[in-house]
Amino acid sequence: LQREQFLPFISIIKKNSIQKELIIDEDYRTLTPNKTQRAFYPINEKTTFKINQFFRELTKDKHLKKIKLNIKGREFIIPHFYDGVVKFDFVDLCDKNIGAEDYIKLTEFCKFLVIRNIPNFNEVNSNQQQRFITLVDILYEKKISLMISLETNLENISSSKKLAEPFKRTISRLYELTSPKDDFFT
């Protein structure tokens, strides 16, 4: 962005606009429960079975490939790649020293992402939570459909105190990305 060209526009907006705070207590994406929602909880044998079953349906007649990406000298491996459908465990995406550039590169290869075993967040795993927030923001911008398994449902997933506010946006985006009605994969 060319800041010096944009600054006069900001003053015009401020002069000719009325600023109002929009306060909405409920997120419209959570109002209608969806029986085919792709967020599974709690993490147990039953939900693992459902995710694996759904993943097998998505990848039917597709061939498994292991993709190695080189991003600024780092090797990023996609171990479960099936023609645009990708599966990861949370620790492989958010508990390693990877970040936005890696996630952006990942979205160049996938149309549908499965993330298993998303934990509740707290002060101890806030670094992983920050990476997760970054990942979800990128998936949302790139319109990558998502299926997840979590320790608890999206309404009750906990957050570290310092990331509580940005995590609200992440939860809202997770509702949308896991909703088949907004499926970008089709």
Side-chain angles (χ1 to χ4, degrees), residues 27 29-68 76-98 102-103 106-107 109-140 143-160 163-164 167-186:
D27 184 339
R29 293 171 272 208
T30 66
L31 293 178
T32 52
N34 195 330
K35 291 185 178 14
T36 54
Q37 191 88 2
R38 295 186 304 243
F40 297 94
Y41 64 92
I43 299 169
N44 60 27
E45 197 173 298
K46 184 179 176 182
T47 57
T48 300
F49 178 81
K50 285 181 182 178
I51 281 199
N52 288 337
Q53 183 180 32
F54 193 89
F55 188 74
R56 281 190 302 277
E57 289 174 23
L58 278 177
T59 58
K60 187 178 180 181
D61 299 324
K62 295 180 179 175
H63 300 287
L64 170 66
K65 282 193 254 182
K66 182 178 180 180
I67 295 182
K68 293 181 182 181
F76 183 77
I77 298 173
I78 305 173
H80 303 283
F81 178 84
Y82 294 84
D83 191 30
V85 180
V86 180
K87 180 169 64 171
F88 279 99
D89 197 84
F90 174 83
V91 296
D92 295 323
L93 285 174
C94 300
D95 199 20
K96 295 185 176 176
N97 192 21
I98 57 178
D102 304 289
Y103 301 144
L106 173 64
T107 63
F109 288 86
C110 73
K111 299 178 264 184
F112 192 98
L113 179 61
V114 177
I115 305 173
R116 300 178 308 161
N117 304 317
I118 299 169
N120 276 308
F121 297 103
N122 53 45
E123 305 314 310
V124 175
N125 64 359
S126 63
N127 287 338
Q128 292 85 347
Q129 183 183 12
Q130 181 62 64
R131 286 188 191 105
F132 185 64
I133 290 169
T134 302
L135 172 62
V136 171
D137 286 345
I138 291 167
L139 296 174
Y140 185 82
K143 297 185 186 306
I144 305 296
S145 295
L146 193 58
M147 181 169 49
I148 57 176
S149 70
L150 314 98
E151 283 187 19
T152 185
N153 64 9
L154 286 172
E155 294 167 5
N156 296 319
I157 191 168
S158 60
S159 172
S160 66
L163 295 172
F167 197 57
K168 289 177 184 176
R169 181 190 69 234
T170 300
I171 297 301
S172 178
R173 288 180 169 190
L174 284 170
Y175 275 107
E176 191 168 339
L177 291 170
T178 59
S179 171
K181 76 177 178 113
D182 293 321
D183 202 343
F184 308 112
F185 181 63
T186 55

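The model shown is predicted, which means the values in this text are computed figures rather than measured ones.
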- [ ] Give the C-alpha distance, both sets of side-chain angles, the deciding distance and a yes or no for side chain to side chain contact (heavy atoms under 4.5 Å, CB included) between Phe88 and Ile78.
- [x] CA-CA 8 Å; Phe88 279 99; Ile78 305 173; 4.1 Å; yes
- [ ] Would you indicate whether the side-chain heavy atoms of Leu58 and Tyr82 approach each other to under 4.5 Å?
- [x] no
- [ ] Report yes or no: does Ser149 contribute a side-chain atom to a donor-acceptor pair with the main-chain N or O of Asn117 at less than 3.5 Å?
- [x] yes
Task: From CD1 (Ile115) to CD1 (Ile51), nearest 0.5 Å - done: 10.0 Å
Task: Glu45 atom CD: more than 12 heavy-atom contacts under 6.0 Å - done: no
Task: Expected output: side-chain Ser158 to main-chain Phe121 donor-acceptor under 3.5 Å - done: yes
Task: Contact check, side chains of Leu174 and Leu146, non-hydrogen atoms, under 4.5 Å - done: yes
Open item on the list: For the NE2 atom of His80 and the OG1 atom of Thr59, what is their distance to the nearest 0.5 Å?
Closed with: 11.0 Å
TODO: Could you tell me the separation between the CG atom of Asp83 and the NZ atom of Lys65, rounded to the nearest 0.5 Å?
DONE: 6.5 Å
Open item on the list: Is any side-chain heavy atom of Ile157 closer than 4.5 Å to one of Ile118?
Closed with: yes
Under 3.5 Å, sequence neighbours excluded: what are the donor-acceptor pairs made by side chains of residues 127-136?
residue : atom : partner : partner atom : Å
Gln128  : NE2  : Asp95   : OD1          : 2.5
Gln129  : OE1  : Ser160  : N            : 3.1
Gln129  : OE1  : Ser160  : OG           : 2.8
Gln129  : NE2  : Ser159  : OG           : 2.8
Arg131  : NE   : Lys96   : O            : 3.1
Arg131  : NE   : Ile98   : O            : 3.3
Arg131  : NH1  : Cys94   : O            : 3.2
Thr134  : OG1  : Gln130  : O            : 3.0

Open item on the list: Using the side chain to side chain donor-acceptor pair (under 3.5 Å) criterion, which residues pair with Thr47? Sequence neighbours excluded.
Closed with: Asn44
TODO: Kindly confirm or rule out a cation-pi arrangement of Lys50 over Phe40, judged by NZ or CZ under 6.0 Å from the six-membered ring centre and within 45° of its axis?
DONE: no
Task: Point-to-point distance, once rounded to the nearest 0.5 Å, from OH of Tyr41 to CG of Leu154 - done: 8.5 Å
- [ ] Applying side-chain contact (heavy atoms from CB on, under 4.5 Å), name anything that partners Lys60, two or more places apart in sequence or on another chain.
- [x] none
Task: All side-chain contact (heavy atoms from CB on, under 4.5 Å) counterparts of Phe49, not counting sequence neighbours - done: Gln53, Arg56
TODO: Using the side chain to side chain contact (heavy atoms under 4.5 Å, CB included) rule, take Leu139 and Tyr103 through it: C-alpha gap first, then chi angles, then the decisive distance, then the call.
DONE: CA-CA 8 Å; Leu139 296 174; Tyr103 301 144; over 6 Å; no
Task: Sub-4.5 Å side-chain heavy-atom contact between Ile77 and Asp92 - done: no
TODO: Output all residues satisfying side chain to side chain donor-acceptor pair (under 3.5 Å) with Asn97, sequence neighbours left out; order by chain, then residue number.
DONE: none
Task: Value rounded to 0.5 Å, distance of CZ in Phe112 from CZ in Phe54 - done: 4.5 Å
Open item on the list: Nearest 0.5 angstrom please: Ile67 CD1 to Phe76 CZ, how far?
Closed with: 10.5 Å
TODO: Kindly indicate whether the side chain of Ile144, heavy atoms from C-beta on, has any atom under 4.5 Å from the side chain of Leu106.
DONE: no
Task: Residue list, side-chain contact (heavy atoms from CB on, under 4.5 Å) with Asn122, at least two apart or on another chain - done: Val124, Asn125
